[in-house]
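Just so it is clear: chains get the letters A, B, ... in the order the sequence lines come, proteins before strands, and each one is counted from 1.
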Amino acid sequence: MRIAFLGTPDFAIPSLQMLVDSGHDLAVFTQPDRPKGRHGTLTPPPVKELAQKYGIEVFQFEKISALDGVQALRNFAPELMVTAAFGQILSRENLEIPTHGCINVHASLLPKYRGAAPIQWAVIEGGKVTGVTTMLTDVGLDTGDILLFQETEIGENETAGALFDRLAILGAQVLKDTIFALQAGTLTRTPQDNTLATKCRMIKKELGKIDFNQPSCVIHNLVRGLNPWPVAYAKMDGEAVKIWETRKTERREEGQSGACVIADPKEGLFVKTGDGLIEIAELQFPGAKRMPAKAALLGRPMQGKVFD
RNA sequence: CGCGGGGUAGAGCAGUUGGUAGCUCGUCGGGCUCAUAACCCGGAGGUCGGGGGUUCAAGUCCCUCCCCCGCAA
């Protein structure tokens, strides 16, 4: 099938790879190269790199809905359009180009977690199950009819990053099934129940500030959900310390919220929360690399210090 | 050349006004103990990121290169 693939980050990679392996006639539309890293090096999005590896034509528009974007899309004349974490809003004009419409791969069980950061929010809110949904894109934000979906459990200590990788692969599978069903003529559409819909906000850095008055599980979920980006943090002696990994614990100890009540290179680092203790397993001080808390404690006594 | 922090024993850190490198953990050996990741005693292990310079003398000052990290994008 002649397919226009619109996607940008790593999440879209397995899906594009699947389309390539399935022998479809592809063109890739992705975001422009962006400055990245410490020196602002202009870096192509992952999807572009993969596309170029296979000699697939790549188009990059600041706004696909603008005139030149629509024109390029029309010229390619796709039968089907597929989006996966593209990062741009499609206009009605865009959507009317492909004869079979536009399929979006979304990393949540719609209608839950519509919007930009569904994976992180599923973890932050402590969800036990999430998944991937394919839907028929319409002009709303992830509001189109549901085609297929697949569930997966979220591990108790799973990070958003790890879940991200799994859902990217799962997404490719669901997409494959969806296209297969489309070609077989067995695809069914199920409208979303808007009364059950939730929309997730974009992740901002300030969201990562840990409030140790919160219960341990809330903190733990925040830490997992913001790993590997932007990473939860707390301040100690005026410095922002990144908290990479935490563990729940049954240990009890008195102290003020945020206080390092146990800080021993052998036992580990345990901080008082709103309802008990939480173990900080991995952290990162300014200028330093991330490291196990037990290692950090060897050269940096933290007993009695307080995070705020 | 966007701003800043840092590269010192296997790991994490300290090293004051320049004068033969210390701490905690680990590691090796010995001891105590019913026993131990606990405790005691002892040992090994570092050309202080690379190169150049100043000096009687540099981890410590100057120049330069490499690498790591944070912020900002």
Side-chain angles (χ1 to χ4, degrees), chain A residues 7-12 30-49 58 60-64 66 85-89 115-117 119-120 124 159-162 164 201-212 219 222-253 258-271 277-308:
Chain A
T8 304
D10 291 323
F11 179 79
T30 189
Q31 302 258 27
D33 294 2
R34 303 288 188 200
K36 234 188 146 177
R38 241 171 303 268
H39 303 293
T41 322
L42 216 52
T43 308
V47 159
K48 179 183 180 183
E49 296 193 312
V58 175
Q60 293 173 285
F61 296 106
E62 203 62 59
K63 286 185 75 169
I64 189 79
F86 179 46
Q88 289 185 29
I89 307 290
I119 301 172
Q120 286 95 320
I124 291 169
T159 63
F164 191 98
R201 287 169 288 153
M202 278 225 275
I203 302 286
K204 289 188 219 141
K205 280 211 159 166
E206 306 85 77
L207 183 68
K209 180 93 180 350
I210 295 175
D211 176 5
F212 281 98
I219 295 169
L222 184 71
V223 169
R224 291 189 297 138
L226 265 33
N227 172 332
W229 189 89
V231 186
Y233 67 94
K235 294 213 167 181
M236 175 174 278
D237 299 332
E239 296 182 318
V241 180
K242 291 192 172 188
I243 309 297
W244 282 90
E245 192 180 327
T246 52
R247 280 290 122 95
K248 294 179 183 173
T249 177
E250 293 306 314
R251 298 183 67 152
R252 296 289 128 155
E253 208 76 46
C260 301
V261 292
I262 300 172
D264 183 273
K266 288 186 180 165
E267 304 227 23
L269 178 60
F270 294 81
V271 178
L277 298 185
I278 191 165
E279 177 175 12
I280 294 178
E282 189 179 39
L283 43 59
Q284 180 176 27
F285 285 92
K289 306 189 198 189
R290 50 191 287 194
M291 68 182 77
K294 288 177 183 176
L297 287 166
L298 288 171
R300 193 185 297 249
M302 293 170 74
Q303 184 74 47
K305 293 213 177 200
V306 179
F307 285 109
D308 61 12

Distance check: side-chain N/O of K266(A) vs OP1/OP2 of U24(B), anything under 4.0 Å? no
Examine C71(B): is either OP1 or OP2 under 4.0 Å from a nitrogen or oxygen in the side chain of K205(A)? Give yes or no.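 Yes.
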Partner nucleotide of [N] by Watson-Crick or wobble geometry (both distances under 3.5 Å):
| N | result |
| --- | --- |
| U17(B) | none |
| C39(B) | G31(B) |
| C71(B) | G2(B) |

Do you know the tightest heavy-atom contact between Q31(A) and G87(A)?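 Of all heavy-atom pairs spanning Q31(A) and G87(A), the closest is NE2-O, 3.2 Å.
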Given RNA chain B, 5'-ward residue of the pair H39(A) and P35(A), judged by closest heavy atom: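 Going by which nucleotide is closer to the 5' end, it is H39(A).
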On RNA chain B, check which nucleotide each of F285(A) and K36(A) is closest to and give me the residue with the more 5' one.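 Looking at the nearest nucleotide for each, F285(A) comes out on the 5' side.
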Going by heavy atoms closer than 4.0 Å, what residues in residues 301-308 of chain A are next to RNA chain B?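 Contacts with RNA chain B under 4.0 Å: none.
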Report the distance from atom NZ of K294(A) to atom P of C25(B), rounded to the nearest whole Å. 15 Å
Return the value, rounded to whole Å, for the distance between atom CD of E282(A) and atom P of C69(B).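 The distance from CD of E282(A) to P of C69(B) comes to 13 Å, rounded to the nearest Å.
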Of the listed A37(B), C13(B), C71(B), the closest approach to the M291(A) side chain comes from C13(B)
Please report the distance separating the C1' of C62(B) from the corresponding atom of G18(B), rounded so that it comes out in whole Å.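 Their C1' atoms lie roughly 13 Å apart.
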Measure the spacing between CD of E279(A) and CD of E267(A) and express it to the nearest 0.5 Å.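 One finds 10.0 Å between CD of E279(A) and CD of E267(A).
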Spacing of CZ belonging to F61(A) relative to OG1 belonging to T30(A), to within rounding of 0.5 Å: 11.5 Å
Does the side chain of F212(A) come within less than 4.5 Å of V271(A)'s, by heavy atoms? yes
Tell me whether R224(A) is salt-bridged to E282(A), with the criterion being a basic N under 4.0 Å from an acidic carboxylate O. no
Check this for me: does the side-chain of R38(A) come within 3.5 Å of the base of G2(B) through a donor and an acceptor? no
Look at all strands and tell whether K242(A) reaches a base, only sugar-phosphate, or nothing, counting heavy atoms closer than 4.0 Å. sugar-phosphate
Could you walk me through whether E245(A) and N227(A) pass side chain to side chain donor-acceptor pair (under 3.5 Å), step by step? CA-CA 8 Å; E245(A) 192 180 327; N227(A) 172 332; 5.8 Å; no
